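Report on the following structure.
Numbered from 1 within each chain, the chains take letters A, B, ... in sequence-line order. Predicted model only: the values in this text are computed from it and were never measured.
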There are 2 protein chains.
Amino acid sequence: MEGAALTRRGLLVGIGAVGGAGAMYAAMGALGLAPTAQDKEFTPPRQSDFTLRGGKAAASVVILGAGVAGLTAAYELGKAGYDCTLLEARERAGGRNLTLRGGDRLTEARGPAQDVRFGEGVYFNAGPGRIAPWMVTLDYCRELGIPIETFVNNNAAAYVHTNGETVRARTARADMYGYVAELLAKATHLGALDRVITKNDQETLLDFLRRFGDLGPRLRYEGSERRGFTEWPGTGGGAPIPAPGTLHQVLAAGTGRAITNDFGYDQATPMFQPVGGMDAIVKKLTEAVGADRIRTGAKVTKVTALADGVEVAYTGGTLKADYCIAALPPHVMARIPHNLGADVTAALRTPVPVAAGKIGLEYGTRWWELEDRIYGGVTETDLDITHIWYPSHDYHAERGLLVGYYNSEKNAELYGALTPEDRRRRALTQGKKIHGEKYRQNLLSSVSIAWQRQEHIEGGWVRWPSVDSSFTLLQRTDGRVYFAGDWLTHLIAWQAGAMESARDVVTRLHQRVLQSP
Amino acid sequence: MEGAALTRRGLLVGIGAVGGAGAMYAAMGALGLAPTAQDKEFTPPRQSDFTLRGGKAAASVVILGAGVAGLTAAYELGKAGYDCTLLEARERAGGRNLTLRGGDRLTEARGPAQDVRFGEGVYFNAGPGRIAPWMVTLDYCRELGIPIETFVNNNAAAYVHTNGETVRARTARADMYGYVAELLAKATHLGALDRVITKNDQETLLDFLRRFGDLGPRLRYEGSERRGFTEWPGTGGGAPIPAPGTLHQVLAAGTGRAITNDFGYDQATPMFQPVGGMDAIVKKLTEAVGADRIRTGAKVTKVTALADGVEVAYTGGTLKADYCIAALPPHVMARIPHNLGADVTAALRTPVPVAAGKIGLEYGTRWWELEDRIYGGVTETDLDITHIWYPSHDYHAERGLLVGYYNSEKNAELYGALTPEDRRRRALTQGKKIHGEKYRQNLLSSVSIAWQRQEHIEGGWVRWPSVDSSFTLLQRTDGRVYFAGDWLTHLIAWQAGAMESARDVVTRLHQRVLQSP
């Protein structure tokens, strides 16, 4: 199981994935990346900002890329009357915020196109799929009137599949907690901690451990109803899943990563999703910006900073504007000829694109709800599929869509190199190890995405080998070309990163316009 | 904080609340309460059952009480054409499944009536509010076409308020887990467990502890991003909540019960609720049964078992039927004159009614979402309010309703004895300790319920002092009068208990009719 796919936070800057937070804090502090004032408060530009400055006018801005960063920048600048034009190389706006539905066609570089055949109401969030409640993404949902619903990111009834064994998450958790509690109780009783913790505190600790591990009267872990039941209580008391494995067996099962998967602040329960598909955010931002401001199929071929503005050549012509916001992936931007200097090119080449992939499997029945009693949530595995996601919406509908894999790095490269048919076949073979033969039955259709093969995107996200001056240089450019994207934040691979970055650029650009002579 | 309100499972039969599961299993086994076959499978009675038996006809059944047990029994019997009549003493069906909306009027014994003034779309589940995914309640939602949505039962962003201190649940959890991991790592390093666990397993354990507690490189707990941030990551790395308290302080905070609150199999995340209010279940069952079969305001005054049937006298007359299902609370049934014998009366008097109360607080803004970033979930407290519930639906709506207390036993008796105004005042004073002054601002209206003062119900649920022969006697009656309700199951205080009990009675009654000469 890859740390990458499990805790994206951990791979953001290549450190901090393992061990305490200290290393990351230290690195950030040393580089002057400590939080800045504008993280705290964002005030959107307003028309009145200009009036107060005696007739100063909003500027024109060309935005490269109509992904979430570009759209957010245009939306916020539009509030003050900036004249924004977005150049989008793909056929539609949204970038990685991509929701696929029946009738859509998904193309990829060096591979066959896939026609999406999902039934009415079925959708597949091929890109971002969940939002943490503290993220600015939720504020945009509120502001734009996008209804949200709970995304189940932790389900006790889902499975953990590690080292060839499958158990319910509740069982894996009960066993690890049970033994951890028993061991610490034992060590306490043996007096091992007498120098570390007072007798009084030991009593408080033992009280907690009893509860935490559901320990028996002699502070032994002897199993627990928390493990689940082969027959649930009703008129009878039920039949709890019988005795747990030994301590050795439970440790050897290797469920540790899976059962702590939602401990991170970005994965903690509950999480949220827009009702009906993540692209509601793209739709509403597009409406607010004005669809006519977005030129799709417009591939940028050259960016030239001038003394009084920026000139952008693209497949449809040339555009001149006062400012430019480059909201493209850095590795894509790095290949576009420009006159911003060799250090900018070098900086753009620093972050490493990371492969990421997902498959949507549409079934004719929701057997995971009916038979497994899994309503939403994630099964964690050490297989190359990494996760299986169950839908957190339209419960009890006839059809439903599982995410059969959501992986990154090597696993995503492996799947991405296959044909769509072979990806499905492999995903089904893996899923069958958890769910049995039914995983291959009642499958109606599927679509898979390999983000590294998506044209003009070429990756799921990026990884910075280290937090270095390249990051700072691009985040804090002082010319007429600004850079924006999740890749310039500490929220890589989250839409919130794209939005925070856009807000930051908008704030700086607006300040500059207001202060220019 | 009362164990009662936190883990109802624990108080179901008065044992098992503390410590391991062993005691409860043993008690159940000794009394022959091990699971029976019918818990596994339920086959609803069908018309064809009679055809196959050569013209045998469905019988008439009088059902006392149109709560969830009575309605479910009528619904299932109706599938085979049984002629059911329900006598309901209250003015509407549903029993404790009660959802209050603007325009409703809530009366109580020995107290003033409350007029519900909630705005459009606001509702208050005054009785049951959540459903575990393994419960039969979800099957009925599916069968009856009731849309469901996630009920957030565990929210890292909610608070824990204990011993006068308020922290986010994520912070309390990170600190307890961090120190537990550190202590066990320390004990392992000291060799305290060398006789208990092999060196290899110790390494595996340490790997887990590092992850579980987010320990630093020296296996110390030095705080963690899991505690949350005073400023979330964005363009900057964010400002994590600074250093945790000492081990002594963290233990003394007493958050242990709160942070293990969802460990039980009946409270594990995710849980569910019908969209628009829990009473959707009552509405749909009533529609399926036929509203004309339910006589409301019909108080039963006498039950007489006859050789060939049952005669029931009630405030509207007398009814004779082949069979009777008494789906009333046992303490209410115990007071109704009958000829079922003194042992039945004694058995009915055995379970002890438990007080339970809730208050719904309607606010003009959802400040908990906007300011606290709490979307659904529960704040656990050691105050007499026990919990605060945040709504898991209609996120970002203008208005919203908090459950300002949900308590039982002594706390519920205390609140129940107050006037509705004083209950609200007290609930606000307590909630203010957690949320500050805003908890008293923007309050539009409130309604509180004291279940022990609800006529013909007189309690939130019951507690059996012990699993004894009274339980078995009433669950397994062999006369023409059957008893049904959550109180006769191991799912007390859950609708699933009422439904499982109804299914059990329906199965036995139907078998008897089919086998009768």
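Separating the CZ atom in R373(B) from the CG atom in L138(A) is a distance of 5.5 Å, to the nearest 0.5 Å. In this structure, CG in L184(A) is found 11.5 Å from NZ in K186(B), a value given to the nearest 0.5 Å. With values rounded to the nearest 0.5 angstrom, D139(A) atom CG is found 11.0 Å from E369(B) atom CD. If you take CG on L144(B) and NE2 on H396(A), they are separated by 11.0 Å, rounding to the nearest 0.5 Å. Residue E149(B) holds its CD atom at 8.5 Å from CD of E149(A), rounded to the nearest 0.5 Å. In this structure, OH in Y265(B) is found 14.0 Å from OG1 in T171(A), a value given to the nearest 0.5 Å.
For chain B, the nearby parts of L183(A) are the backbone and the side chain; heavy atoms of each come within less than 4.5 Å. Looking at R142(A), both its backbone and its side chain come within 4.5 Å of chain B, counting heavy atoms on both sides. Using a 4.5 Å cut-off between heavy atoms, Y177(B) touches chain A through its side chain atoms alone. If you measure heavy-atom distances from L219(A) to chain B, you find no contacts under 4.5 Å at all. In this structure, the portion of M135(A) lying under 4.5 Å from any heavy atom of chain B is its backbone and not its side chain. Proximity to chain B (any heavy atom under 4.5 Å) is shown, for L251(A), by both the backbone and the side chain.
The two residues P270(A) and A156(B) make their nearest non-hydrogen contact at CD-N, 4.4 Å. The shortest non-hydrogen separation linking T235(A) to S501(B) is CG2-CA, 4.0 Å. Nearest approach of G256(A) to R211(B), heavy atoms of both residues: O-CD, 3.7 Å. Between F263(B) and R226(A), the shortest heavy-atom contact is O-CG, 3.2 Å. Across all their heavy atoms, A192(A) and L190(B) have their closest contact at O-CD1, 3.4 Å. Shown here for A268(B) and R170(A), the closest heavy-atom pair between the two residues is CB-NH1, 3.8 Å.
With chain B as the partner, the residue from T188(A), L488(A), T269(A) showing the most heavy-atom pairs under 4.5 Å is T269(A). Ranked by non-hydrogen atom pairs under 4.5 Å with chain A, the options C141(B), P133(B), A252(B) are led by P133(B).
Under the ring pair (Phe, Tyr, Trp, His ring centres under 6.0 Å) criterion, F272(A) pairs with Y375(B), Y395(B), sequence neighbours left out. In this view, F208(B) and F212(B) satisfy the ring pair (Phe, Tyr, Trp, His ring centres under 6.0 Å) rule, not counting sequence neighbours.
Among the candidates I492(B), L491(B), D266(B), T489(B), the single residue satisfying the side-chain contact (heavy atoms from CB on, under 4.5 Å) test with P233(A) is L491(B).
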